[in-house]
Amino acid sequence: MPVYARTSLAFERGEGVYLYTAENERYLDFAAGIAVNALGHCHPQTVKALKDQAAKLWHVSNLYQAKEINDLADLLCEHSFADQVFFCNSGAEAVECGIKMIRKYHHENGEPHRTRIITFEGAFHGRTIATLSAAKNEKHTEGFGPMLEGFDQVARGDVEALKAAIGPNTAGILIEPIRGEGGVDAASIDYLKALRDIADAHGLLLFLDSVQCGMGRSGKLYPHEWASVNPDILSSAKGIGNGFPLGACLATKEAAKGMKPGSHGSTYGSNPLAMQVGKVVVETVVQPQFLENVQKQSAALFEKLEMLRKAYPNIITSLHGKGLMIGVKVAPNNAEFVAKLREKKLLTVPAGQNMVRLLPPLVITEEHVDEAIAAIESVCKEMV
Ligand SMILES: *Cc1c(COP(=O)(O)O)cnc(C)c1O
């Protein structure tokens with residue numbers, strides 16, 4: 001179905017932070033499959049993990065025990081707030097699981113009327129009916145109604161509006177700690193702390209959709225760690241499989257207490273191929289030197305982008321984001337800007353708020369930063 005506006009460009013192979021066409025033309029990939037290829041393309045250990053597992057066992061269903069599932073779940077729990085993990089195949093499914101869990105939690109508590117979830121303007125949570133209903137983006141919902149009941153949307157960053165939206169039926173808060181599709185916006189540490197406090201004061205579950213900003217992209221495994229507050233539920237996907245379809249919904253034991261045998265499921269969820277790749281990704285990302293590199297390259301990118309912003313204030317108007325999830329707000333049309341960057345062999349992604357989104361693999365070095373900056377600078381020059 002023609003649901004994607006594809007460019008004419010096609011790639012044949014990927015290696016590290018570069019993609020190659022059939023004619024062997026090389027592109028610097030600061031899109032990374034939209035924040036997916038965290039370790040870069042064809043990372044040797046992920047290739048090996050996948051090949052080894054492919055020769056052993058592809059699929060057995062969740063009717064049986066599997067060491068690979070426990071290994072990845074243990075690894076995620078060891079390095080996060082979570083006690084339990086549900087594995088699925090995509091971000092939207094990970095969010096769906098969290099939405100269901102919020103409702104089930106209050107049902108289990110004897111308060112089944114508490115079903116409403118507060119969400120935020122400009123959010124993106126996926127393309128299923130529930131996740132579309134949560135985000136309320138008219139461009140995505142038009143013609144697909146009726147939407148699911150039970151989502152109350154408020155302005156992002158407005159603590160008073162959030163408090164005012166809480167009623168007796170409110171069950172939880174769902175937010176992207178760093179907003180992606182709707183325009184890059186990193187929630188401040190104070191705001192994340194306020195969300196935790198408000199959730200606690202009202203008995204709400206705090207659900208952080210970290211599908212895009214998670215898995216090391218913020219410079220921590222998950223961005224809420226910057227604020228030293230924990231969510232009750234977290235959705236993870238995109239980077240966690242480095243390109244192999246994998247999603248995960250992480251939760252505390254308390255938040256997941258309504259989830260029992262039969263409560264939820266997925267045929268392909270916790271597929272052994274995905275588990276093995278995910279294990280390599282998580283083991284790699286949690287290494288301190290890996291996250292240090294994300295922070296270091298982020299600082300270099302922000303510093304050099306700031307120089308460009310000062311040199312071309314009529315082209316680059318502001319910089320947003322955290323870690324290697326960067327939104328460059330531009331004055332010209334962002335899609336045009338992205339197309340011009342593509343001519344310079346730099347791949348980026350447009351985002352809301354007329355932004356050009358930089359989402360490089362997390363393994364970039366200063367050399368790649370300089371290469372990207374040179375391309376952005378030459379487009380700025382052309383567009384002045
Ligand atoms: C991409 C994204 C999703 C949806 O992930 P899919 O794998 O496309 O279903 C959900 N939430 C956020 C924040 C995302 O960026």
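Order of listing sets the numbers, starting from 1, for every ligand and every atom in it.
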Atom 8 (O) of ligand 1 touched by protein heavy atom at under 4.0 Å: no
Give the atom numbers and elements of ligand 1 that come within less than 4.0 Å of a heavy atom of Ser90. 7 (O), 9 (O)
Between the main-chain N or O of Leu324 and the side-chain N or O of Arg217, is there a donor-acceptor pair closer than 3.5 Å? yes
Hphob cluster co-occupancy, Val285 + Leu50, side-chain heavy atoms under 4.5 angstrom: yes
Charged N to carboxylate O under 4.0 angstrom, Lys344 versus Glu377? no
Salt bridge check: are Glu25 and Lys345 linked by an N-O gap of less than 4.0 Å? yes
Within 45° of the axis and under 6.0 Å from the centre of the six-membered ring of Tyr20, does NZ or CZ of Arg13 qualify? yes
Say whether Gln212, considering both its backbone and side-chain N or O atoms, lies within less than 3.5 Å of an N or O atom on ligand 1. yes
Identify the protein heavy atom lying closest to atom 4 (C) of ligand 1, giving its residue, its atom name and the separation to 0.1 Å. Ala92 N, 3.6 Å
Does ligand 1 come near enough to Glu93 that some N or O of the ligand is less than 3.5 Å from an N or O of the residue? no
Hey, mind stepping through Lys56 and Asp52 against salt bridge (charged side-chain N to carboxylate O under 4.0 Å, His left out) and telling me if it holds? CA-CA 7 Å; Lys56 270 204 274 187; Asp52 288 353; over 6 Å; no
Does Gln289, at its CD atom, have more than 12 non-hydrogen atoms belonging to other residues, nucleotides or ligands within less than 6.0 Å? yes
Okay, side chain of Arg179, backbone of Arg156: is any donor-acceptor separation there less than 3.5 Å? no
Closest approach of any protein heavy atom to atom 1 (C) of ligand 1, naming residue and atom: Lys238 NZ, 1.5 Å
Under 4.0 Å from a heavy atom of Glu176: give me the atoms of ligand 1 that qualify, with their elements. 13 (C)
Can you check whether Gly126 has an N/O within less than 3.5 Å of an N/O in ligand 1? no
N or O pair under 3.5 Å between Val95 and ligand 1: no
How does His125 reach ligand 1, if at all, at less than 4.0 Å between non-hydrogen atoms: by side chain, backbone, both, or neither? backbone
re atom 11 (N) of ligand 1, the protein heavy-atom contact at minimum distance is Asp209 OD2, 2.7 Å
Just to be sure I read this right, does ligand 1 sit under 4.0 Å from the backbone of Ala237, its side chain, both, or neither, counting only heavy atoms? neither
Taking the six-membered ring for Trp, are His368 and Tyr18 closer than 6.0 Å centroid to centroid? yes
Which protein heavy atom lies closest to atom 5 (O) of ligand 1, and at what distance to 0.1 Å? Gly91 CA, 3.2 Å
